Amino acid sequence: MELPLLIHTFPSQIRDGTPFVNTCQEFSEVTVVFSDMVGFNELCSSLTPMQVALLLNSMYMTFDKLVEQHTNIYKVETVGDAYLLVGGLPTKDDNHAKYAANIAIEMVQKIQQVKVDFLKSSISVKLGIHTGPVVA
């Protein structure tokens, strides 16, 4: 039987009918880094949709380059102006907190260098870091 094209985007466990809970793994200790652009909602009210997209793209590209340099950090998700990273998964690493703290510091430094022609000032981010267990 031919499956619709969309079904191929799902992990094989889901395509094969494995219950979702059985596809998750527990990680006893990882470090998660949450970032959020300072004043994003207020800033968006004065920008066009295209300017918001360009601003977010500039920030994401900056952070993505950092993640490429930090092979022990995994990019989990971007939602709006939020950028979520984790150290210590999918491969366990006892230095996950150190790696997460290092990239967080670099994120704060690099974001100040992001320039877009329609903003008069540089942008900044708020970061949160948490270490503990997760299910992923």
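If you're wondering where the values come from, they're calculated on a predicted model, not measured in any experiment. Computed from heavy atoms alone, side chains included, the values below leave out hydrogens, waters and symmetry copies.
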**Report entry** V33, D36, D64, L56 screened by side-chain contact (heavy atoms from CB on, under 4.5 Å) with Y83, the one that passes
**Finding:** D64
Query raised in the report: Going from OG on S45 to CZ on F40, what distance comes out if it is rounded to the nearest 0.5 angstrom?
Result: 10.5 Å
Report summary line: Sequence neighbours excluded, the answer for side-chain hydrogen bond (donor to acceptor under 3.5 Å, both in side chains) partners of K65 is none
Report task. Return the minimal non-hydrogen interatomic distance between L127 and S35, and the atom names on each side. Result -> CD2-CB, 3.1 Å
**Report entry** Side chain to side chain, M107 and F63, heavy atoms closer than 4.5 Å
**Finding:** yes
Query raised in the report: Is V79 isolated, or which residues cluster with it under the ILVMFWY side-chain rule of less than 4.5 Å, directly or via members?
Result: none
Query raised in the report: Are L43 and L119 side-chain neighbours, meaning at least one heavy-atom pair lies under 4.5 Å?
Result: yes
Query - Side-chain donor/acceptor of K115 to backbone N/O of Q112, under 3.5 Å - result: yes
Query - 4.5 Å side-chain heavy-atom contact, T131 and E29 - result: yes
Query raised in the report: Are N95 and N72 close enough that some pair of their side-chain heavy atoms sits under 4.5 Å apart?
Result: no
Requested in this report: Could you state whether M50 and L55 fall into the same hydrophobic cluster, counting links through intermediate Ile, Leu, Val, Met, Phe, Trp or Tyr residues with side-chain heavy atoms under 4.5 angstrom apart?
Outcome: yes
Report summary line: Tracing side-chain contacts under 4.5 Å among Ile, Leu, Val, Met, Phe, Trp and Tyr outward from V86 reaches F27, V30, V32, F34, Y74, V76, L84, L89, V134
**Report entry** Atom NZ of K110 with >12 non-hydrogen neighbours under 6.0 angstrom
**Finding:** no
**Report entry** Side-chain heavy-atom pair M37, K126 within 4.5 angstrom cut-off
**Finding:** no
Query raised in the report: To the nearest 0.5 Å, what is the distance between CD (Q113) and CD (Q109)?
Result: 8.0 Å
Report task. Would you indicate whether the side-chain heavy atoms of L85 and T31 approach each other to under 4.5 Å? Result -> no
Report task. Please report the shortest heavy-atom distance between I129 and A101, naming the atom on each side. Result -> CD1-CA, 4.2 Å
Query - Q69, CD: over 12 other non-hydrogen atoms inside 6.0 angstrom - result: yes
Report task. Report yes if some heavy atom in the side chain of F118 is under 4.5 Å from a heavy atom in the side chain of T48; otherwise report no. Result -> no
Requested in this report: State plainly whether one hydrophobic cluster holds both I123 and I105, where clusters connect Ile, Leu, Val, Met, Phe, Trp and Tyr through side-chain heavy atoms under 4.5 angstrom apart.
Outcome: no
Query raised in the report: When rounded to the nearest 0.5 angstrom, what distance separates CD in Q51 from CG in D117?
Result: 8.0 Å
Query raised in the report: Linking I/L/V/M/F/W/Y whenever any side-chain heavy atoms sit under 4.5 Å apart, do V125 and V38 land together?
Result: no
Query raised in the report: At what distance, to the nearest 0.5 angstrom, does OH of Y60 lie from NZ of K75?
Result: 8.0 Å
Query raised in the report: Tell me, do P133 and E26 make a side-chain contact under 4.5 Å, heavy atoms counted?
Result: no
